[in-house]
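Encoded as structure tokens, the structure appears first; notes follow it.
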Amino acid sequence: MKVLVVGSGGREHAICWKISQSEKVDKIYCAPGNAGIAQVAECVDIKAMEFDKLVAFAKENSIDLTVIGMDDPLVGGVVDAFEAEGLRVFGPRKNAAILEGSKAFSKDLMKKYNIPTAAYETFTSAEDAKAYLETSNYPIVLKADGLALGKGVLICMNKDEAMAGVNELMLDKKFGSAGNTIVVEEFMTGREVSVLSFVDGKTIKIMTSAQDHKRAKDGDQGLNTGGMGTFSPSPFYTEEVDEFCKKYVYQATVDAMKAEGREFKGIIFFGLMLTPNGPRVLEYNARFGDPETQVVLPRMKNDIVEVFEACIDGTLDKIDLEFEDNACVCVVLASDGYPLDYKKGFEITGMEKFDANDGYYLFHAGSKFNEEGKIVTNGGRVLGVTAIGNNLKEARANAYEATAWVNFDNKYMRSDIGKAIDEAKV
Ligand code: AMP
Ligand code: GLY
């Protein structure tokens, strides 16, 4: 089989690597890819939003399966564009990707189908939002309705911050049209867990759990980022939590989408908060998480191409998803200054020591070849240093050990990825 993957981050590197393990696959292409992905796939110079070019490439090269990694093309309807030409593609159609594309949609869906989530109100006028915020309890959470690179969520400690937040999202349009509508949501407390799942329209199969670290600095300080590191499994994702979510969240979401005429095929990523009152859905994403994927796929036993195909064909009920009884930790090496200003173009050295056979992976997030053919930094998040261990503590020690193997100017990482592991009872 020939497979095309769309995207260019650490997530897509992990997906390409996992696809490369499949006996069914002879050739992998990635558009646009990066210097790390180039080790396992042929990179194609087409951007993720260039649907016509992607479709033409898939036709010309007889691609048997295309896998979409990123949210923007999914929400923009890339799957519909492929299907219109009779091409096989993994991911939700536009009318289902709205689960991630509109927070107002997903909140209304949860309310309608009694899926546990924070209480909320939706506003399309700044004036109405401000009137509501006059008499709200604080802290409170403001969310831009549309895609905002994970940065459209403001936690407001008091009324002044909330009013400023409304101005930022709705009037100054910091995230463009994503802020035309906002969701104002009850503030919840608890641990966060990321749960990825495969969905074929009617059946859902849950992958192993993971936890992200969204803030830039140690101690969960600093700005929100795409994610500075992850571990899997989450020791806080207990059987009790699993049972609750199986009963009230996972299948309920798939059934709700079907009932709305928006059959979901692809990945649903459940962002959960384990509150004192039980698990609540913080958000849905319609794609693999980044960097959750980097710690989940190395633990997955199945041939991922078989699972992708079962989702497309509606035969996921025949698949037993299996994960190794081990643990995995990913520490992101970023460019100092991320997520604001940072420099690019520094040579990366020391990459040869990583060997997946030993349980060490170096997933590239932002790298490219320079004119001399050397691999240089090309983004805020540069590399995901990922290691397997028999348990979480061992995996964490291995990952941090491996962070010293690679170097580039302005290398920055958090030193406390997986700190929650020490707080777990197990
Ligand atoms: P989201 O993009 O909706 O997952 O939000 C980004 C981050 O904001 C989450 O990972 C949480 O840390 C935080 N957050 C979102 N919604 C809430 C909420 N209702 N209460 C407390 N924290 C929240
Ligand atoms: N790591 C969070 C996300 O992928 O949205």
Side-chain angles (χ1 to χ4, degrees), residues 1-9 11-34 37-94 96-97 196-205 207 263-269 286-288 290 293 296-297 300-321:
M1 275 177 79
K2 289 191 197 173
V3 181
L4 167 67
V5 175
V6 176
S8 61
R11 165 183 49 207
E12 285 76 21
H13 191 176
I15 294 170
C16 285
W17 166 77
K18 185 67 181 160
I19 292 172
S20 75
Q21 304 294 297
S22 171
E23 284 180 7
K24 302 178 104 179
V25 174
D26 311 302
K27 174 89 188 167
I28 310 172
Y29 297 93
C30 186
N34 65 37
I37 292 174
Q39 294 158 10
V40 283
E42 183 176 328
C43 294
V44 184
D45 189 17
I46 304 176
K47 296 196 183 72
M49 294 307 284
E50 296 178 321
F51 297 177
D52 290 348
K53 288 190 186 168
L54 290 171
V55 167
F57 179 86
K59 282 167 106 175
E60 281 159 22
N61 292 277
S62 311
I63 299 295
D64 300 293
L65 171 68
T66 299
V67 178
I68 313 294
M70 297 165 71
D71 45 3
D72 280 330
L74 288 169
V75 171
V78 71
V79 168
D80 307 61
F82 271 74
E83 285 185 348
E85 296 294 326
L87 295 163
R88 265 166 91 72
V89 55
F90 176 80
R93 293 182 187 141
K94 185 175 183 173
L196 304 177
S197 67
F198 290 99
V199 182
D200 74 352
K202 48 188 193 300
T203 300
I204 177 164
K205 295 273 164 123
M207 296 182 227
E263 186 179 69
F264 193 105
K265 289 186 175 203
I267 302 291
I268 301 183
F269 165 159
R287 42 139 184 107
F288 281 102
D290 191 349
T293 306
V296 168
L297 292 190
M300 183 173 155
K301 291 186 187 175
N302 303 67
D303 177 334
I304 199 167
V305 174
E306 278 176 13
V307 186
F308 287 147
E309 298 213 284
C311 290
I312 295 170
D313 296 334
T315 55
L316 192 58
D317 57 328
K318 307 270 186 326
I319 300 269
D320 273 328
L321 265 195

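Side-chain atoms are counted along with the backbone in the values below, which use heavy atoms only and exclude waters and symmetry mates.
Put simply, the side chain of Asn34 gets close to the backbone of Ser8: a donor and an acceptor are under 3.5 Å apart. Although no hydrogens or angles enter the test, the distance criterion places no donor-acceptor pair under 3.5 Å between the side chain of Lys94 and the main chain of Asp80.
Ring pair Phe308/Phe90 is tilted by interplanar angle, where 30° to 60° counts as tilted.
In this structure, the side chains of Phe269 and Thr293 stay at 4.5 Å or more apart for every pair of heavy atoms. A heavy-atom distance below 4.5 Å is found between the side chains of Ile15 and Val67. Between Met70 and Arg11, the closest side-chain pair of non-hydrogen atoms falls below 4.5 Å. Contact annotation: the side chain of Thr66 never approaches that of Leu87 to less than 4.5 Å [non-hydrogen atoms, C-beta and beyond]. The shortest side-chain heavy-atom distance between Met300 and Val307 falls under the 4.5 Å cut-off. In this structure the side chain of Met1 reaches within 4.5 angstrom of the side chain of Glu309, judged on heavy atoms. Within the 4.5 Å cutoff, the side chain of Asp64 has no heavy atoms near those of the Val3 side chain. The closest side-chain heavy-atom distance from Val6 to Val78 is not below 4.5 Å.
Rounding to the nearest 0.5 Å gives a distance of 11.0 Å between CD1 of Ile204 and CZ of Phe198. How far CG of Asn61 is from CG of Leu4: 9.0 Å, rounded to the nearest 0.5 Å. Summarising the geometry, atom CD1 belonging to Ile268 is positioned 10.5 Å from atom CE belonging to Met207; distances are rounded to the nearest 0.5 Å. In this structure, NZ in Lys18 is found 14.0 Å from NE2 in His13, a value given to the nearest 0.5 Å. Separation of atoms CD1 (Ile37) and SG (Cys16) is listed at 5.0 Å; rounding is to 0.5 Å. Taken from NZ in Lys47 to CG in Leu54, the straight-line distance is 11.0 Å, to the nearest 0.5 Å.
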Could you go through Phe51 and Met49, starting from their C-alpha distance and side-chain angles, then the distance that decides it, and tell me whether this counts as side chain to side chain contact (heavy atoms under 4.5 Å, CB included)? CA-CA 6 Å; Phe51 297 177; Met49 294 307 284; 4.1 Å; yes

Assess the residue pair Phe288 and Leu297 against the criterion (side chain to side chain contact (heavy atoms under 4.5 Å, CB included)); give the C-alpha distance rounded to whole Å, side-chain angles, the decisive distance to 0.1 Å, and a yes or no. CA-CA 10 Å; Phe288 281 102; Leu297 292 190; 4.1 Å; yes

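Nearest heavy atom pair, residue Pro32 against residue Ala48, reads CD-N, 4.4 Å. Contact detail for Pro92 and Ala96: the closest heavy-atom pair is CB-CB, 3.9 Å. In terms of heavy atoms, Phe82 sits closest to Ala58 at CE2-CB, 3.7 Å. Across all their heavy atoms, Asp317 and Asp200 have their closest contact at N-OD2, 4.4 Å. Heavy atoms only, all atoms of each residue included: Pro73 and Ile68 are closest at CG-CG2, 4.0 Å.
Ser22 and Asp303 are linked by a side-chain donor-acceptor pair at a separation below 3.5 angstrom, with hydrogens and angles left out of the test.
Not counting sequence neighbours, the partners of Lys27 by the side-chain contact (heavy atoms from CB on, under 4.5 Å) test are Lys2, Tyr29, Glu42. With sequence neighbours left out, the side chain to side chain donor-acceptor pair (under 3.5 Å) criterion links Glu306 to no other residue. Residues that satisfy the ring-ring contact (aromatic ring centres under 6.0 Å, His included) test with Phe264, not counting sequence neighbours, are absent from this structure.
By the 4.0 Å N-to-carboxylate-O rule, Arg88 lies close enough to Asp313 to be salt-bridged with it.
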